[in-house]
There are 2 protein chains.
Amino acid sequence: MDGMPKLVTDLLMPDRDGGYAKGYETRELILRTALHILIEEGYRAMSMRRIAAACGMRLGNLTYHYPTREDLVRELLNAVISSYELEFGAIVHAPGLAPEERLMRLCSLIIEDIGSKKTTRLFPELWALANHDAFVYERVHELYDRARAPLVEIIAEMRPDLSEAHRLDLALFISASMEGLTVFAGYQMPFAQRMPAVEQIAIRSFIDIVRSYLPVL
Amino acid sequence: MDGMPKLVTDLLMPDRDGGYAKGYETRELILRTALHILIEEGYRAMSMRRIAAACGMRLGNLTYHYPTREDLVRELLNAVISSYELEFGAIVHAPGLAPEERLMRLCSLIIEDIGSKKTTRLFPELWALANHDAFVYERVHELYDRARAPLVEIIAEMRPDLSEAHRLDLALFISASMEGLTVFAGYQMPFAQRMPAVEQIAIRSFIDIVRSYLPVL
DNA sequence: GCATAAAATTGTCAACTGTCCTAAATTGGA
DNA sequence: TCCAATTTAGGACAGTTGACAATTTTATGC
């Protein structure tokens with residue numbers, strides 16, 4: 001399809017409870033196809049009929065597996081976000097390394113993912129949806145909470161003198177800084193080629209601020 | 001409506017060429033109403049009929065002023081983005097101040113704007129649209145180019161030793177960092193209350209990195 | 001105030017949307 | 001192998017969408 005690396009597996013399907021194997025495969029095809037349309041053409045184009053057609057199946061079959069569009073969207077988000085959670089859960093358990101080094105590697109991984117087509121295209125859609133849909137809002141920020149956790153841990157090692165709240169502030173800034181790169185240096189964005197340089201700046205900046213941050217009282 | 005400050009005037013209408021004053025007012029009402037729906041309910045809800053109804057007019061009249069939905073969206077984006085461009089064009093012409101001080105003020109203004117309901121809600125929609133619409137992509141990044149210009153200027157004063165490309169890299173990082181705050185600490189976002197603390201971290205971090213950045217060869 | 005350009009109304013069109021229902025085909029365990 | 005559960009097909013429904021055309025109403029320069 002696109003690039004080969006695929007940092008994050010596209011979808012993490014929920015466990016199959018009952019039903020035939022065929023149905024499970026069909027549901028996976030449906031969600032994968034829906035995700036593809038969402039990424040390539042946007043949320044507006046992701047209609048039930050459009051998904052069914054792209055799957056090569058009839059509308060009736062689609063609505064058999066996902067009775068309403070809301071059901072489909074919820075399951076799609078769950079599957080997509082779960083795959084990111086899985087990824088960030090398995091990351092950076094590299095003990096023995098200095099916290100600075102682990103911070104660098106973690107940020108590198110996140111920024112590399114931000115440069116991927118999937119993430120660059122998907123997350124702006126999620127951010128827009130989250131502004132008008134409580135379920136999406138909840139699920140997206142739950143993901144960010146988990147992605148921030150290892151960051152907070154590393155910061156805690158580097159700055160045991162700081163309160164938990166101040167560590168969170170630092171993690172928030174770092175997290176937000178990286179996410180913001182999506183729009184400017186993400187996949188096919190105007191400054192995608194500058195990503196390596198900006199990444200260096202970002203990581204240097206993050207280490208500096210974590211080392212030197214002195215909260216105002 | 002919401003908060004009173006209104007950093008950026010909502011819309012900058014194009015000059016009226018021909019037509020009655022009534023028509024001009026109607027077009028302004030249409031775009032203002034469309035923007036309101038876009039912010040409150042998202043792009044999907046912004047249908048021609050929905051806009052017409054919210055304006056208290058008939059669909060036929062709406063399509064008289066904007067024959068196609070695409071026309072309306074284009075004009076809306078032009079008007080909205082123009083108002084931001086006007087804002088950032090008139091900003092931070094405060095000579096006599098140290099560049100660090102001007103950098104701080106500029107970033108404060110941008111971050112304050114990011115915390116507003118309008119910007120927090122509007123820009124994620126624009127980012128998502130830009131991924132699937134060349135016109136929106138063009139217009140949004142044109143806006144960012146202009147918003148980055150004063151940043152690059154200040155960086156040039158602080159770091160005359162750097163090449164233009166490296167100044168741009170720094171400006172990109174700073175710009176992206178701030179935009180990223182939208183999702184985490186923007187209007188009604190989970191960490192909106194931490195915005196002041198994160199802003200302090202951001203600005204300290206920006207000044208540090210601009211002062212100390214040493215590009216790799 | 002009047003004539004005319006502009007604006008607004010009203011109704012219609014085909015295409016698309018999500019949801020639902022029934023019947024046929026398929027799957028996979030007994 | 002057979003049969004019941006599951007999956008798929010196919011059609012229908014009411015509602016919505018963007019676009020268009022004919023008509024009436026309103027605004028404004030002369």
Side-chain angles (χ1 to χ4, degrees), chain A residues 13-38 40-77 125 129 132-133 135-136, chain B residues 13-38 40-77 125 129 132-133 135-136:
Chain A
M13 294 287 292
D15 287 337
R16 154 175 168 224
D17 64 325
Y20 296 164
K22 191 76 194 300
Y24 187 75
E25 281 170 30
T26 301
R27 281 187 288 278
E28 182 162 357
L29 172 65
I30 289 172
L31 295 191
R32 207 172 290 282
T33 304
L35 177 60
H36 185 257
I37 295 175
L38 179 60
E40 296 297 332
E41 306 177 48
Y43 186 70
R44 209 162 195 269
M46 201 185 69
S47 72
M48 300 292 271
R49 278 178 175 80
R50 185 84 185 60
I51 296 168
C55 286
M57 73 180 57
R58 299 301 182 150
L59 180 62
N61 195 21
L62 184 64
T63 63
Y64 165 74
H65 290 289
Y66 299 100
T68 72
R69 187 184 137 93
E70 200 184 335
D71 290 329
L72 196 156
V73 171
R74 280 177 68 111
E75 290 307 307
L76 174 60
L77 285 181
E125 298 283 349
L129 284 180
H132 313 286
D133 183 320
F135 174 76
V136 180
Chain B
M13 294 289 291
D15 286 339
R16 154 174 170 226
D17 64 323
Y20 295 163
K22 188 74 194 300
Y24 187 75
E25 282 171 29
T26 300
R27 280 187 290 279
E28 182 163 357
L29 171 65
I30 290 171
L31 294 191
R32 208 172 290 280
T33 304
L35 176 60
H36 185 258
I37 294 175
L38 180 60
E40 296 296 332
E41 306 176 48
Y43 186 70
R44 208 161 197 267
M46 201 185 70
S47 71
M48 300 292 272
R49 278 180 173 79
R50 185 82 187 62
I51 296 169
C55 286
M57 72 181 57
R58 301 299 182 157
L59 178 62
N61 194 22
L62 185 62
T63 63
Y64 166 74
H65 289 289
Y66 299 100
T68 75
R69 186 185 137 92
E70 200 185 334
D71 290 328
L72 195 155
V73 171
R74 280 178 68 111
E75 290 307 308
L76 174 60
L77 285 182
E125 298 284 349
L129 284 180
H132 314 286
D133 183 320
F135 174 76
V136 180

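Naming convention: chains lettered A, B, ... in sequence-line order (proteins, then strands); numbering from 1 in each chain. Since we're looking at a predicted model, the values are computed, not measured.
Mapped onto DNA chain D by nearest heavy atom, L59(B) and A21(B) fall at different nucleotides, with L59(B) at the one closer to the 5' end. DNA chain D is contacted by both T63(B) and Y20(B); T63(B) maps to the nucleotide lying nearer its 5′ end (nearest heavy atom per residue). Between S47(A) and Y64(B), the residue anchored nearer the 5' end of DNA chain C, judged by the nucleotide with its closest heavy atom, is Y64(B).
If you check every strand for non-hydrogen atoms under 4.0 Å, G60(A) touches a base. Residue contacts shown for R69(B) are limited to sugar-phosphate atoms, with no base heavy atom under 4.0 Å away. Among the heavy atoms of the strands lying under 4.0 Å from G19(A) are primed sugar atoms or P, OP1, OP2 only; no base atom is included.
With a 4.5 Å cut-off on side-chain heavy atoms, F135(A) and E70(A) do not count as touching.
Of the inter-residue distances, the one linking E125(A) atom CD with L77(A) atom CG reads 11.0 Å to the nearest 0.5 angstrom. Atom OG1 in T33(B) sits 9.5 Å away from atom CG in L62(B) (nearest 0.5 Å). To the nearest 0.5 Å, atom OH of residue Y66(A) and atom CG of residue L76(A) are 8.5 Å apart. Here the straight-line distance linking atom CG of N61(B) with atom OG1 of T26(B) works out to 6.5 Å at 0.5 Å rounding. Interatomic distance, D15(A) CG to Y24(A) OH, rounded to the nearest 0.5 Å: 6.5 Å.
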| request: Step by step, work out the salt bridge (Lys or Arg N to Asp or Glu O under 4.0 Å) result for R27(B) and E75(B). | output: CA-CA 10 Å; R27(B) 280 187 290 279; E75(B) 290 307 308; over 6 Å; no

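With sequence neighbours excluded, the residues satisfying side chain to side chain donor-acceptor pair (under 3.5 Å) with E28(A) are R32(A).
Mapping heavy-atom proximity under 4.0 Å, the span of DNA chain D touched by chain B runs 5' to 3' from dT17(D) to dT28(D). The nucleotide range of DNA chain C contacted by chain A, defined by atoms under 4.0 angstrom from heavy atoms of the protein and reported 5' to 3', is dT17(C) to dG28(C).
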